[in-house]
Amino acid sequence: MWTFLLGLVVLRPQHNAFAWDSFGYHLYLPAYIQHGDPALSDKSWVEAARAQYDASSTLYQITERDGLRLIRYPIGLAVLWSPWYLMGHVAAKAVAAPTDGYSTPYQVSVIIGALFYVLFGLFALRKVLLTAFNERVTTITLCLLVFATNYLDQASAGLTGPHVALVSLYAGILLFTIRWHRTFSPRDAAALAALMGLAALVRPTDLVCILLPLFWGDGPKAVLKHRAQLALVAAIMFLVGLPQLLYWKYTTGSFLYDSYANPGEGLDLLAPHTLDVLFSFRKGWYIYTPMMLLATLGLIPLRKAWPAAFRSVLLFFLLNLYLVSSWTCWWYADSFSSRAMVGSYAVMTLPLAALVQWAVERPPRKRIMLSMFALVTVWQLFQYWQFSQGIIHSQRMTKAAYKASLFRLTRPEDMDTLLLVDRSFQALLRGPDTTRYTPMQLSPRLTAIPPSDRDTMILGSDSAERAFRLNTEHPFSPAWRIPYNAFKDRDHAWIRARWRVFVPDTTHVPNGCFVMTSEHERLYAYQTTDLKGFEVSPGWNSITTHYLTPEVRSGDDVLAVYYWSQDTMPILVSGPEIKVWSSAGLP
């Protein structure tokens, strides 16, 4: 299996091992080793690396807030990669390659290291399964893990992401949990603590891993008999987590800091998206990885097959699913199936193995169940192939798109009309295709602009027009504001804002911009359109801007539209006149 994964990595090499999120996970290493600049006081070298290696379209991997600048992602992967990175540094010097932390020797070395961790994880997981299951059941289970789940995608295309590393860490956690509960040896406790600390360092929500040793076997009653070892476990986990705490202290002045700066995305524990995570056609775990539905059903025979493991695995599964589905971006961007669930696969192999054992116990049942496992595996590989060919989209699938793609070897011609709205930069520039949308009537109470001391009346030929006189003392027009609840749970809407702006002289077009933004405690999905980007003439000019509503975090979030004057010259602005196109009836 490991040889197959190695071949897949060779046949499908990554354009850049340090791209997108991986660029942020890796950023600690060149920041510390090459530049001695962990606080990124000089961002130019980061921007240069991003551009040179085509890592991402923007530097979203860096958080800049309240005058602070730091790396957004946890430090855990950088810790795991550090020995391999240093070997890459030596190799880069030996072959006269750029020693910038991103050139080919660094990438190859880190990929080799990631594959080594994959090998360690599969080896450890085999030892775990052999504790309670025979060789045949263990082999079948590991084959199903690799070939019948999206672990295959993450262990190849997503190799430098956190998920396969977490599978290996959890395999080690399970292995030392079993050993510790047998002997309660301080050495096993120390190894267990180090692995749990690393898991939490890679992804903080994976602190949930402590449920495994805590509820294994006789549970807390047995564990509490060894309080001295619990203190040892806590101390080691704290030391493993210390690099992250020290980094936050160095960059922000606080040992604890929420580095995820986007207010439109975060952990909302009171609003989990559990059904979406499991069953949605967009990225449903059970839809695109049906083997994990069988693994979940395997919790039933696990109670009999491995009683010591049952309670801890069940509690871990429930709490981990809750935490994963509580992230507001529950589909976790581009991936095949739910990549956020991959980290739990080492634990989920235990109920899967219990189901396999139950299946092979009796010949009649054996033939039926093994046929089902084979069918699900073939279907999984076929869907993964469809994903690699663009037939299954990485994050915009709908029920209609899924139905149209069933059994297809080519992409349906009308696929773009069946997918969720395209939120790419190019699509935003094109604006809405209003023939596909329904005009939405909003209550006059919602569309009214509040009165302001900047109000003035401009007399036209047959009517008076309300406008706002803006200057350096009052640079913002009164905002048109509406809660997203008013859009009645639509997936999205297009907003058209029509303004009138008085330009006295085109030799000096005033500096200013039209702002359309969403608010959740702070601003997100912030869009500005510069007045100077329009062709204007002396006098009143009509200006139109469009806004695609974002993936809204909460229905209580607010959409705001206003003009921001950035010039010493006063300006008259009238509007906005708002029109909304609803996505009702779209996929």
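Remember, predicted model here, so these are calculated numbers, not experimental data. Position 1 is the first residue of the sequence, and the numbers go up from there.
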_Assess the residue pair Glu135 and Arg126 against the criterion (side-chain contact (heavy atoms from CB on, under 4.5 Å)); give the C-alpha distance rounded to whole Å, side-chain angles, the decisive distance to 0.1 Å, and a yes or no._
CA-CA 9 Å; Glu135 184 73 51; Arg126 181 177 180 276; 2.8 Å; yes

Between [X] and [Y]: side-chain donor-acceptor atoms closer than 3.5 Å:
X: Tyr117; Y: Trp81; result: no
X: Gln229; Y: Trp180; result: yes
X: Glu265; Y: Trp327; result: yes
X: Ser56; Y: Gln61; result: yes
X: Tyr524; Y: Asp557; result: yes
X: Gln383; Y: Tyr402; result: yes
X: Tyr170; Y: Asp206; result: yes
X: Tyr484; Y: Ser518; result: yes
X: Asp21; Y: Tyr332; result: no
X: Asp153; Y: Tyr384; result: yes
X: Thr289; Y: Tyr151; result: no

*Supply the atom-to-atom distance Phe147 CZ to Thr149 OG1, rounded to the nearest 0.5 angstrom.*
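Reported to 0.5 Å precision, the distance equals 10.5 Å.
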
_Test side-chain contact (heavy atoms from CB on, under 4.5 Å) applied to Leu350 and Val128, step by step_ = CA-CA 9 Å; Leu350 275 58; Val128 168; 4.1 Å; yes

*Test Thr296 against Tyr286 for side chain to side chain donor-acceptor pair (under 3.5 Å), laying out the working first.*
CA-CA 10 Å; Thr296 306; Tyr286 291 157; 2.8 Å; yes

Close side-chain approach of [X] and [Y], heavy atoms under 4.5 Å:
X: Leu419; Y: Met397; value: yes
X: Asn16; Y: Asp54; value: no
X: Leu224; Y: Leu230; value: yes
X: Phe215; Y: Val223; value: no
X: Lys283; Y: Trp330; value: yes
X: Phe317; Y: Ser344; value: no
X: Thr138; Y: Asn134; value: no
X: Met292; Y: Met341; value: no

*Are Leu294 and Val376 close enough, and set up right, to give a side-chain contact (heavy atoms from CB on, under 4.5 Å), and what steps lead you there?*
CA-CA 10 Å; Leu294 296 179; Val376 171; 4.2 Å; yes

*Dump the intermediate steps for salt bridge (Lys or Arg N to Asp or Glu O under 4.0 Å) on Arg408 and Glu413, then the final yes or no.*
CA-CA 11 Å; Arg408 290 291 300 259; Glu413 292 183 2; over 6 Å; no

*Quick check: are there more than 12 heavy atoms from other residues, nucleotides or ligands sitting under 6.0 Å from CZ of Phe238?*
no

*Let me see the working for Tyr53 and Tyr102 under ring pair (Phe, Tyr, Trp, His ring centres under 6.0 Å), right down to the final yes or no.*
CA-CA 8 Å; Tyr53 292 95; Tyr102 298 92; 5.7 Å; yes

*With a distance cut-off below 6.0 Å to the six-membered ring centre and an angular limit of 45° from the axis, does Arg311 pair with Trp216 as a cation-pi contact?*
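Here Arg311 fails the 6.0 Å and 45° test against Trp216.
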
*Using the ring of each side chain (for Trp, its six-membered ring), is Tyr85 parallel, tilted or perpendicular to His26, with breaks at 30° and 60°?*
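It falls in the tilted class, 30° to 60°.
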
